[in-house]
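First comes the structure, then the notes that go with it.
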Amino acid sequence: MGESFLQHELKAAPLSAGPDESASSVWPGWGVFFAILVYAVVAMLLVRELAIPLRISSADGILPGDPRYYHEIALAQAQAIRVQGFVAFDLRPEGQGPAGIASLLYLVSSVPEVIVGLNALLHAIAGVALVSILMNWFSRRLALAAALPFVVSPYMIVWFSQINKDSFAAAGAMLLLAGFVGMTLRMLRGARPGGLVLLALCGVALLWIVRPYVNQILLPVIAVAVLVSTALALRRPQSARWVTLVPFLVHALVLLLTLSALDSGARSDQTLAKFSGFNARDYEDVVPEGAVARTCINSVDRDVWKPLDILPDSANEKLRALAAQRCMVFTILYADSNPFTQGSFVDADVLPASAAEAIAYIPRAFLLGLLAPWPSSWLTEVAEHRSVFYTIVPVEVSLLYAGLCALLAWLCLTRRWSVLLPVIIAVAVLTVYGMSTPFVGALYRYRYPFWMCLLSLGLAAAFDSIARARQRRFAHPRPPVQ
């Protein structure tokens, strides 16, 4: 791609940009930020005050499960701080970052709705960051339109109205992508990276609070992206390359070191890090014999699991950790008899017992992380279980399918290969989630910010292709029929 790649990236302004818009200016404006913020506050309050009380018996608008659990932890810690002072503060009480942050808010007000203000702020930050990512290739107008599915978030807005991890993860992922993608493209386009690394570092910090294992996943992916970008930059004339490359490498090193340092600390670390001493016998009294989870757990026991000799021990252990995490998710099958939950599991018959089998599952995990829920399940789940999830999410998945086709066509047309940078990062994360999470409902929440980035890129590519076609049409109108 060499010189051709750089030549295309030096053309920073998107074809559909207005006279004051360019890819080097990717801040969508405070008006966009406040519009998203106001929408988020109103939507979340409506969910808490009207929608939730209508569907379940919740006088305070708090959903059962994790939100209620986090709420109770936060109230207890807030009370402890009032009595003992801030020596009682723990960022992650019982390993849960959202509860630690919420406890600080509860010091100001114990009204549960106070969490709406924080989550609306995080949603506005994530929305603006997504628009900024898109504006690296598309005009502000198209970027705003393409980001609407994430901004509106018709299904996730219910979850965002609660104390949750996903609001932090969405803001963190979008800030990290906006910062890293932005500084990389500025370097490739001959500009200094500026302070974009600060955005990426803020994103890393937010991910560290709730899901630090995501930083583990992103570290090697971003390291490879830095190496490839450096190799491309070295194709420039020697007089021009170092002015922008050296600051980029310094900022990239700071980012990589931060990702490495902030990769653990929450209870969810077990997703990748806590299976080095995994023993199936520890779960004999927890998981009944004959359950899918028990069979899966037995297959990843250290005495059963077969590593690949050609892989380093760390890689073999990560593969076993991902397979073991699938086993933990399968425990929901016997713990929850809800037909919607049961129907949302996939590949319960795929239980890798070796590194080779885990690697063979990667292509399927990629498809699962990217494309699930499958179209074959849409109508069945809606008709049989009247699921809100399967009413809304298939619309988003359909937009993704169409958007990915449009993005591929747009790439072939424009040869703006740099758009593959966020695509590859997102796909890597989605594949890991597809490996470790066979429950589509949970998979949807975990992958949400990266998945929505792909969806928005696809929509923006479709809108831009339509704009280009219209420009060509008006530039070369058909002659009148005689």
Side-chain angles (χ1 to χ4, degrees), residues 1-29 31-32 35 127-152 174 177-178 181-182 184-191 229 232 370-371 395-427 450-481:
M1 287 188 296
E3 292 296 322
S4 176
F5 177 92
L6 292 175
Q7 289 168 5
H8 280 88
E9 286 316 306
L10 287 172
K11 300 174 183 178
L15 177 131
S16 52
D20 299 323
E21 297 174 335
S22 71
S24 61
S25 176
V26 292
W27 167 244
V32 174
V128 168
L130 175 58
V131 175
S132 297
I133 294 168
L134 299 175
M135 286 177 63
N136 284 296
W137 302 276
F138 308 101
S139 72
R140 178 176 179 270
R141 176 174 54 86
L142 296 186
L144 288 171
L148 278 177
F150 175 80
V151 170
V152 176
M174 293 301 185
L177 286 173
V181 170
T184 302
L185 293 186
R186 285 179 65 86
M187 182 272 293
L188 291 174
R189 292 167 178 169
S229 301
L232 289 170
L370 180 64
L371 304 178
V395 178
E396 297 176 340
V397 176
S398 299
L399 290 176
L400 176 79
Y401 292 174
L404 290 178
C405 294
L407 182 61
L408 179 61
W410 181 86
L411 263 175
C412 295
L413 176 66
T414 66
R415 300 177 67 189
R416 300 292 300 277
W417 304 110
S418 62
V419 79
L420 292 176
L421 178 58
V423 169
I424 291 172
I425 294 173
V427 164
F450 298 96
W451 190 77
M452 272 292 173
C453 182
L454 291 180
L455 189 154
S456 298
L457 282 168
L459 289 180
F463 297 155
D464 192 61
S465 298
I466 293 171
R468 289 171 181 271
R470 291 185 64 185
Q471 287 187 15
R472 287 194 297 269
R473 177 183 174 187
F474 288 121
H476 305 285
R478 292 181 180 180
V481 179

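- Contact between Cys453 and Leu130 at its shortest, heavy atoms only, is CA-CD1, 4.1 Å.
- A donor and an acceptor atom, one from each side chain of Trp137 and Ser418, are located under 3.5 Å apart.
- Of all non-hydrogen atoms in Ala406 and Gly458, the two that sit nearest each other are CB-O, 3.9 Å.
- The only option from Asn136, Ile424, Leu457, Leu134 that meets the side-chain contact (heavy atoms from CB on, under 4.5 Å) definition with Val419 turns out to be Leu457.
- Annotation: side chain of Leu454 is in contact with side chain of Val427 (closest heavy-atom distance under 4.5 Å).
- Annotation: side chain to side chain donor-acceptor pair (under 3.5 Å) contacts of Trp410 (sequence neighbours excluded): Asp464.
- Considering every non-hydrogen atom in both Arg140 and Pro28, the closest pair reads NE-O, 2.8 Å.
- Taking CG of Leu399 as the start and CE of Met452 as the end, the distance is 8.5 Å to the nearest 0.5 Å.
- From Leu407, atom CG reaches atom CG of Leu420 across 7.5 Å, with rounding to the nearest 0.5 Å.
- Side-chain contact between Val128 and Met174 is absent, with no heavy-atom pair separated by less than 4.5 Å.
- Contact record, Met135 with Ala143: CG-CB, 3.7 Å, taken as the closest heavy-atom pair.
- Using a distance-only test at 3.5 Å, with no hydrogens or angles considered, no donor-acceptor pair links the side chain of Tyr401 to the main chain of Glu396.
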Test side chain to side chain contact (heavy atoms under 4.5 Å, CB included) applied to Ile425 and Leu177, step by step: CA-CA 8 Å; Ile425 294 173; Leu177 286 173; 3.7 Å; yes

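- Under the ring pair (Phe, Tyr, Trp, His ring centres under 6.0 Å) criterion, Phe150 pairs with His123, Tyr448, not counting sequence neighbours.
- In this structure a side-chain-to-backbone donor-acceptor pair under 3.5 Å is missing from Ser132 to Ala178.
- Here the straight-line distance linking atom CG of Leu459 with atom CZ of Phe138 works out to 10.0 Å at 0.5 Å rounding.
- When all heavy atoms of Ala146 and Ser456 are compared, the pair lying nearest together is O-OG, 3.2 Å.
- Atom CH2 of residue Trp451 and atom CG of residue Leu370 lie 8.5 Å apart, to the nearest 0.5 angstrom.
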